[in-house]
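Heads up: the structure comes next, in structure tokens.
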Amino acid sequence: MGGGEKKKLTRAFGMPVGDDQNSETAGDRGPVLMQDVHLLEKLGHFDRERIPERVVHAKGAGAGGYFEATADVTKYTKAKFLSEVGKRTEVFARFSTVGGEKGSADSERDPRGFAVKLYTEEGNYDLVGNNTPVFFIRDPLKFPDFIHTQKRNPATNLKDPNMFWDFLSLTPESIHQVTILFSDRGIPATYRHMNGYSSHTYKWYNDKGEYYWVQYHFKTDQGIRNLTREEAEEMRGRDPDHATRDLHDAIARGEFPSWTLEVQIMTPEQADEYRFDILDITKVWPHADFPPTKIGKLVLNRNPVNYFAEVEQAAFSPSSFVPGIGPSPDKMLQARLFSYHDTHIHRLGPNYHLIPVNAPKNAPEHSYQRDGFMRTDADGGGGPNYWPNSFGGPEPDASAAEPRFEVRGDAGRHAYSHPNDDFVQPGNLYRDIMNDRDRDHLVGNIVSHLAGAEKNIQLRQTALFFKAEPDYGLRVANGLGLGGKEVERLAKMSQEERVEATKYSREVR
Ligand code: NDP
């Protein structure tokens, strides 16, 4: 800290300060005088130091760096940052936990946010993902309720296993994400040792107007490393900020973390014919059907100069697209297009795009938006503030417009039509991807948490594990000490209910 040229202390407007240790008082015992404007200014600013905490992803760490394109994908997208092999684009990335407050521990069991802002010459492109390829829910109407259950009980202000599991057990589509969250991948050892996924499907389109569906996977070059439940408990006491520290210290040492960006690509025809809805964020696209292709490298090589300026005020939004990339109809994504920008306006103000970390460094803003809190520049000067105009104001460029695509259907509130397929992928993960150690840890992690919920909630949640895979359900039931009759009933019930899912699973594998 500090160093450099010795400067004279001033007030906010530059006036020199003569004494910064003694308030101005009438006599040496006080009272303090109203005319001590330096004191008033200092207290008044201190009272306003905090900005609203993010409602989710409050605790985070960030760093700058670059993205380098490593493959030719111009057949699929006209995005300029992907237009040439070897092309580099400056980035800022932020990693976070989701449910905890700004001072919460980095080693909580929680998904990790994985957000990357690319300062492209066509404006900023934000990729706002998680370290998990799927999510708990597929309909945004459930999101505020879901988050309430992962945070604190409104009466006790304590984390509440009843709220947590009540909601999840009543939301069967969460079972895939629950299985990942309670596996060892639910507590990454550091931010450097985890993958990042778009989770959503996005649209890429080329300069002929042809479009494709894509999913992004940032695969860590440091290798996956996780903390066990016991290691995480110990870490929470020893160093609650361990992942923040690790990212900072690694970069300071010159060990720059990197991730290889892979994409899965699908044509609209493949999507229409596929056996499940590829836009459903509770599912992955199986690698065997849609092999991931390496297209780039993300490298973080710069620590922030100031945490508040760059990390606390960094604002990522899935609505920040560049020509060549757009949203898919994924319902969760559609809601995030609104909600992220909206929450930044609340937290940082309507001109948050002027904050240097958020400003489009390589594509200056030329819009007709004007004024608002903290608009501090000439703001278009005396130029026209409306469009169309005959005074040479900035013009829309038709080549930047997204190609049309057809949508059909009745307006209405549509329930999901294939509920049984919610259990296929978590079953595959449990049986085929996890090894014995992974399964032991998964069951132990679930049992230690679910044990805090009421018995009827334990039973309802355990029924979902049975549906994914009987062995999974049985081991959780045994771990919870659920009675023999109840477990028998669950096993029987889930066998019947599994018929559809199993049939489906066989057909598709
Ligand atoms: P694959 O065998 O082709 O892919 C398995 C994927 O699982 C790999 O990407 C691997 O990631 C990841 N993985 C390995 N161990 C774990 C673990 N303990 N917890 C979570 N993920 C793990 O199979 P499929 O593509 O058919 O997918 C099978 C299942 O794997 C899915 O149901 C899903 O749960 C999980 N998965 C699939 C992904 C996908 O995009 N298809 C992505 C991530 C998970 P890594 O290479 O980093 O080790």
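Each ligand, and each atom within it, is numbered from 1 in the order the structure gives.
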**OP:** Tell me, please: is F290 in heavy-atom contact with ligand 1, that is, under 4.0 Å?
**Re:** no

**OP:** Check each of M194, H287, R431 against atom 25 (O) of ligand 1 and report the one with the nearest heavy atom.
**Re:** H287

**OP:** Return yes if a side-chain donor-acceptor contact under 3.5 Å exists between T220 and Q222, otherwise no.
**Re:** yes

Original post:
Can you list the atoms of ligand 1 that are under 4.0 Å from a heavy atom of W285?
Top reply: 39 (C), 40 (O), 41 (N)

Subject >> D280 with K283: basic N within carboxylate O range, under 4.0 Å >> reply: yes

Subject >> salt_bridge(D330, K203) N-O dist < 4.0 Å >> reply: no

**OP:** Give a yes/no verdict on whether any heavy atom in H176 is under 4.0 Å from an atom of ligand 1.
**Re:** yes

Original post:
Among T179, L429, D438, V134, whose heavy atom sits nearest atom 35 (C) of ligand 1?
Top reply: L429

Subject >> Test of ring centre spacing under 6.0 Å for F182 and W165 >> reply: yes

Subject >> Residue Q425 vicinity, atoms of ligand 1 by number, heavy atom under 4.0 Å >> reply: 32 (O)

Original post:
Is A288 near ligand 1, meaning one of its heavy atoms is under 4.0 Å from it?
Top reply: no

Subject >> Pair W259 and F95, ring centroids less than 6.0 Å apart >> reply: yes

Subject >> Closest to atom 26 (O) of ligand 1 (judged by heavy-atom distance), picking from P133, P291, P286, S199 >> reply: P286

**OP:** Out of H441, M434, H217, R185, indicate the one that has the non-hydrogen atom closest to atom 45 (P) of ligand 1.
**Re:** R185

Original post:
Judged by modelled atom types alone, do D277 and Y416 share a side-chain donor-acceptor pair under 3.5 Å?
Top reply: no

Subject >> Heavy-atom nearest option to atom 37 (C) of ligand 1, drawn from N226, N195, V424, V284 >> reply: V284

Subject >> Where K80 and E121 come nearest, the two heavy atoms and their spacing >> reply: CB-OE2, 3.6 Å

